Amino acid sequence: MLSDAWIRTYCGPAPGPEDFWFRWNFDPLLLAALSLLFFVVLRARSCHGLAAVGVLVLAFVSPLCALSSALFSARVVHHVLLVAVAAPLLARAWPSRRAGGAMAAFAVSTVVLWGWHLPVAYDLALSHVGVYWLMQISLLGAALWFWRAVFSPGCTPVEALTLLIAGFAQMGLLGAILTFAPEALYAAHAVAPMDWGFSPLADQQLGGILMWVPAGLPYAVVAGAVARRGWATLRAGSA
């Protein structure tokens, strides 16, 4: 039955260290979607858009996709690539032409990120292809809305910095909760991490640390650029 074909892990069964590098994902529908996006950004001559396509290829085509079936920490890397790298690049490629909705964008992106890390939602996404893609599209879409609000022309440097700090703070808080949780939360990663030398709890703690600290680097880079732009504006106004 068609419905039975959807009840599986999209990226395939969890790989072991011996076959990880051979687990590329050549799903025809995925490749068609990425190719379409590539030609769109190529016609738009957007370097940011081309970089975003590269990040999406890394997330969904490379062996990282399969590794994220095995390790929660790899899944965190996957999600960080979506919400903190691909999304801001796409937001630069297709910027918002109007201001407004910044707080709504922040609230929705936060709810979506936290909601998909509830164990019941997370485990369901890793066991059903349809739910998996609902997770990916909603994470990327909500993050894209957030970053377009950050980059919108009506967003002042102070407002943009506030959004960036809040965005990283909520992700860091989620990472801290996962790091200090007393037990492993996700049934999807109850066994496979041991093939990689991790206990499920250690894998979850590593994922939490990645979400807590390194995931803040894109926010810090953008915050630095926003602060520099604001300072330049102030100097120009006082000159």
Side-chain angles (χ1 to χ4, degrees), residues 10-12 20-69 74-102 105-106 108-109 112-113 116 125 129-155 157 160 163-164 167-168 171 214-226 228-229 232:
Y10 171 74
C11 294
F20 159 66
W21 289 108
F22 302 100
R23 295 286 302 279
W24 292 76
N25 178 23
F26 297 119
D27 177 3
L29 291 178
L30 171 68
L31 295 180
L34 290 174
S35 298
L36 177 60
L37 179 59
F38 173 77
F39 285 115
V40 169
V41 298
L42 194 63
R43 289 194 61 183
R45 297 182 180 180
S46 170
C47 294
H48 292 102
L50 290 173
V53 173
V55 173
L56 293 175
V57 168
L58 174 62
F60 292 107
V61 179
S62 81
L64 176 61
C65 184
L67 186 61
S68 64
S69 297
R75 176 64 57 188
V76 168
V77 173
H78 187 277
H79 286 171
V80 169
L81 287 174
L82 287 185
V83 306
V85 184
L89 288 171
L90 290 171
R92 296 296 290 171
W94 287 286
S96 175
R97 301 200 191 302
R98 57 176 186 167
F106 166 72
V108 170
S109 61
V112 169
L113 181 67
W116 282 117
V129 174
V131 182
Y132 172 87
W133 279 111
L134 179 61
M135 171 197 270
Q136 309 309 316
I137 292 170
S138 60
L139 282 170
L140 182 59
L144 177 58
W145 184 16
F146 169 82
W147 287 102
R148 291 187 79 198
V150 169
F151 296 135
S152 69
C155 190
L163 282 173
L164 289 166
F168 172 61
M171 182 180 288
L217 291 176
Y219 294 85
V221 169
V222 175
V226 169
R228 187 167 58 250
R229 184 190 69 194

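Only heavy atoms go into these numbers, but all of them, side chains included; no hydrogens, no water, no symmetry mates. What you see is a predicted model, and the numbers here were worked out from it, not measured in a lab. This chain uses plain numbering: 1 for the first residue, then up along the sequence.
- Judged as a side-chain hydrogen bond (donor to acceptor under 3.5 Å, both in side chains), and not counting sequence neighbours, the contacts of Trp116 are Ser138.
- Counting non-hydrogen atoms of other residues, nucleotides and ligands closer than 6.0 Å to CZ of Phe26 gives a total above 12.
- Smallest separation of non-hydrogen atoms from Ala102 and Ala149: CA-CB, 3.9 Å.
- Using a 4.5 Å heavy-atom threshold, the side chains of Leu164 and Trp147 count as touching.
- The CG atom of Leu139 sits 12.5 Å away from atom CG of Leu144, with the distance rounded to the nearest 0.5 Å.
- Residues Cys155 and Ala160 approach most closely at SG-N, 3.4 Å, considering heavy atoms.
- A distance-only check finds a donor-acceptor pair linking the side chain of Arg148 to the backbone of Trp94 [under 3.5 Å].
- Taking the six-membered ring where the residue is Trp, Trp133 and Tyr10 present perpendicular rings, their angle passing 60° and hence far from 30°.
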List, one per line, each side-chain donor-acceptor pair under 3.5 Å for residues 81-91, sequence neighbours excluded.
none

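- The aromatic rings of Phe60 and Tyr132 stand perpendicular to each other, their planes meeting at an angle above 60°, with 30° marking the opposite boundary.
- For the atom pair NE2 (His78) and CE (Met135), the distance works out to 9.5 Å, reported to the nearest 0.5 Å.
- Residues Ala143 and Ser109 share a closest heavy-atom pair of N-CB, 4.4 Å.
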- Task: Using the side-chain contact (heavy atoms from CB on, under 4.5 Å) rule, take Val112 and Phe146 through it: C-alpha gap first, then chi angles, then the decisive distance, then the call.
- Result: CA-CA 12 Å; Val112 169; Phe146 169 82; over 6 Å; no

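- Between Cys11 atom SG and Arg23 atom CZ the span is 8.5 Å, to the nearest 0.5 Å.
- Taking every heavy atom of both residues into account, Val53 and Leu34 meet most closely at CG1-O, 4.3 Å.
- Note that CG of Leu56 is 9.0 Å distant from CG of Leu30, once rounded to the nearest 0.5 Å.
- The two atoms that bring Leu64 and Ala74 nearest to each other are CD1-O, 3.9 Å, heavy atoms only.
- Arg92 contributes no side-chain N or O that, together with a main-chain N or O of Phe151, makes up a donor-acceptor pair within less than 3.5 Å.
- Residues Pro63 and Trp24 approach most closely at CD-CE2, 3.5 Å, considering heavy atoms.
- Here the side chain of Ser96 pairs no donor or acceptor atom with the backbone of Ser152 at under 3.5 angstrom.
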